[in-house]
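Order of the sequence lines sets the chain letters (A, B, ...), proteins ahead of strands, with each chain counted from 1.
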2 protein chains.
Amino acid sequence: MHYNIINELGELALGSRLKRLSDYIYREGKELYRNNEIEFEPRWFPVFHLLAKGEIVSVVEIADSINVSHAAVSQTVKELAKNKLVSVYSHKTDKRKRELTLTEKGFELHKKMAPLWNDIATALNDMIRQHKHHLMAAMQEVENDFETLSFVDRITKVKNERLQREVNILDYKSEYAHYFKALNIEWLEKYFYVEDYDKKVLGNPEKYIINAGGAILFAEFEGEIVGVCALLKYNEEEYELTKMAITEKAQGKQVGKKLGLAILERAKRLKAKKLVLESNKILKPALNLYERLGFKFVYKDFSTSAYQRANVYMEKEL
Amino acid sequence: MHYNIINELGELALGSRLKRLSDYIYREGKELYRNNEIEFEPRWFPVFHLLAKGEIVSVVEIADSINVSHAAVSQTVKELAKNKLVSVYSHKTDKRKRELTLTEKGFELHKKMAPLWNDIATALNDMIRQHKHHLMAAMQEVENDFETLSFVDRITKVKNERLQREVNILDYKSEYAHYFKALNIEWLEKYFYVEDYDKKVLGNPEKYIINAGGAILFAEFEGEIVGVCALLKYNEEEYELTKMAITEKAQGKQVGKKLGLAILERAKRLKAKKLVLESNKILKPALNLYERLGFKFVYKDFSTSAYQRANVYMEKEL
DNA sequence: GGTAAATAGGTAAGTACTTACATATATTAA
DNA sequence: TTAATATATGTAAGTACTTACCTATTTACC
């Protein structure tokens, strides 16, 4: 073996690879200063160079300018002060602030280093601009993209798309009837209790839902039925979205979203004009999903509701 | 203010910028694992993934493969073992070596994480390949270039070229005569002592060198005369390179090289066929320079030499 | 067969940042 | 005017590596 696996790992080892290059540059920078008999640390550069512009600035202002934490600047300034390269005064009016400037020695060192910095910029620029892919430009593009949509959000998006692709929606079949009951009882027993009306409907979905002109859809993931959702017909124009249940171990797999979208499609196919649903305030993730599906909260008197547990009512026009 | 100066700093803050991006990726990676309820650290990835291939390998072999120090691997393995993800056995025959493999738990975790890693690679690749400058490709080009010629060597080369440009070669003028004497006496007194023959020649260069058909060149740096070198004519074909002196504070500024090259040029203009010189073994940097200028060491009996200090003789055909 | 040199791998401390937490002071809202 | 909140800064500890140094073996060479 002994082949280099890092390239094969590609984007997955990007952090490690960036660190390696960063470490290399700091190391070489250090040696360069040593070779030139300059007592200076590469990490001081951004702060030092900013101060050399002559503007009197504070720790936080520097941190914002060079995109590091104020703690990093605080530490750097401490070292620079110890090396007598910057002087620290407290602000005239704002006693929290500290004013930083280069000392005489600092300005002298800056002048002494200017040609070397010029050489560094020249050498690196000469190298990089000959490349097909310009490193600085590439980093800029990456940084910009991560600012638009974070690393985590990008991966989460891809993951959710994958999971949605992996979830299949299946139409009602009598051999699935027991899942309809089991999945609903699972969550009812967890959060509330099974009401008589539940027992009736769950025990005979064919009679109460299918034959009544409604629909039941199942979600399948990795060969298992992991979710259900039903449409209960009120009249030609109005249906109730009901009996949505997703098994606990399939949570976070976008099953609810895919099932919800499928049930909306089905409602449209049935020429429904309006969907309603009843739920409970404590079911936060469910309410969240309903909102993302386009349902709106509507005030309602629940004294006539079929369910004891209902205290939230939602509607969606199709 | 509050504008971002890092971009303005360009290549000079490259190390800092790479670290920032690297840190960001590790941070986000960590959060991603947390979100997915996976107990895993981003830094474990290269080692873990390599071991998951099923090949039984040692610490050093892993370090070579993923281009980090063996110490880093050793630390990672320690953590992985603590988390019961790898098992460590000692090698049957080589007792220095340790054999590493994933545990059952390790393989299970790897299987569990595979889809997420796929999502990471997909998301990052989707992003990066849309860029005009591909980050991975750019890093590859930079790494390759640094392998060919190191960061330090690149900058040193640019610096030396600059210094050579900043050194000017001036022809003999009688008002420079005192520099000829002073610069030579400076180094003679440091390493040896001033011989009578030196005093004679240095005191009257016009008579002993210029009028005798030789030449004297001066090197000027930042408005000051910092070096001299002379050609002493033996006959129509043969000259001696002599009285080369560079002031201490101008050392390392490529003065010698530029002066040497200029004196070779002058010798050619004078139709010299051969250059000779006498020096001393202890003058290592000088001998080094002569070699780089193309002089070869030749054995010689020094009993007839004009100088007490001579114990090295060199020649160069033109 | 003995010894110098090379190899394997561990530990401690350093590096250039970070986060978390703490304090002091300033600003805003009631 | 007071209390809540925001801002400025510092310190300690964490992170993902490194170098430096150490011991234990193995290999190479005379």
- Query: Hey, does B:Ser90 reach any base, or is it just sugar-phosphate, or nothing, if we go heavy atoms under 4.0 Å?
  - Reply: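 It contacts nothing in the nucleic acid.
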- Item | Sugar-phosphate only, base, or nothing, as touched by B:Val73 at under 4.0 Å among non-hydrogen atoms |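 The answer is nothing, as B:Val73 stays clear of every strand by at least 4.0 Å.
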Can you tell me if [X] touches the phosphate of [N], counting only side-chain N or O atoms and a distance under 4.0 Å to OP1 or OP2?
X	N	value
B:Ser74	C:dG9	no
A:Lys19	D:dT18	no
A:Tyr26	D:dC17	no
A:Lys30	C:dT15	yes
A:Ser16	D:dC17	yes

- Should A:Lys30 and A:Glu41 count as an ion pair when the cut-off is N to O under 4.0 Å?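 Yes.
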- Any Lys/Arg nitrogen of B:Glu291 or B:Lys296 sitting under 4.0 Å from an Asp/Glu carboxylate oxygen of the other?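 Salt bridge flag = no for B:Lys296 with B:Glu291.
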With the side chain of [X] defined as its heavy atoms from C-beta on, choose the nearest nucleotide among [options].
X	options	result
B:Ala71	D:dA12, D:dT18, D:dT26	D:dT18
A:Ser58	D:dT19, D:dT9, C:dT18	D:dT9
A:Val68	D:dT9, D:dT11, C:dC17	C:dC17

- On DNA chain C, nearest-nucleotide positions of B:His70 versus A:Glu41: which is more 5'?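 Mapping each residue to its closest nucleotide by heavy atoms, the 5'-most match is B:His70.
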- Nearest-nucleotide wise, let me know which of A:Pro42 and A:Thr93 is further upstream toward the 5' end of DNA chain C.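 Nearest nucleotide further toward 5': that of A:Pro42.
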Rounded to the nearest angstrom, tell me the gap between atom [atom1] in [X] and atom [atom2] in [N].
X	N	atom1	atom2	result
B:Ile62	D:dC17	CD1	C1'	16 Å
B:Gln75	D:dG14	CD	P	15 Å
B:Trp44	D:dC17	CH2	P	13 Å
B:Asn67	D:dT18	CG	P	9 Å
B:Asp23	C:dC17	CG	C1'	5 Å
A:Arg27	D:dT19	CZ	P	5 Å
A:His91	D:dT7	NE2	P	16 Å
B:Tyr89	C:dG9	OH	P	16 Å

- Query: For the residue pair B:Phe40 and B:Phe48, is the inter-centroid distance of their aromatic rings smaller than 6.0 Å?
  - Reply: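 Ring-ring flag for B:Phe40/B:Phe48: true, centres closer than 6.0 Å.
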- Using modelled atom types only, decide if a donor and an acceptor are shared between the side chain of B:Tyr26 and the backbone of A:Ser16 within a distance under 3.5 Å.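 Checked: pair present.
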- Task: Using modelled atom types only, decide if a donor and an acceptor are shared between the side chain of B:Glu141 and the backbone of A:His131 within a distance under 3.5 Å.
- Result: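 Answer holds: no.
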- When you look at B:Asn160 and B:Lys257, which way does the side-chain hydrogen bond (donor to acceptor under 3.5 Å, both in side chains) test go after all the steps? CA-CA 10 Å; B:Asn160 288 345; B:Lys257 196 175 172 196; over 6 Å; no
- Item | Donor-acceptor pair (no angle test) under 3.5 Å: A:Arg96 side chain, D:dT7 base |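 Per atom types, the contact qualifies.
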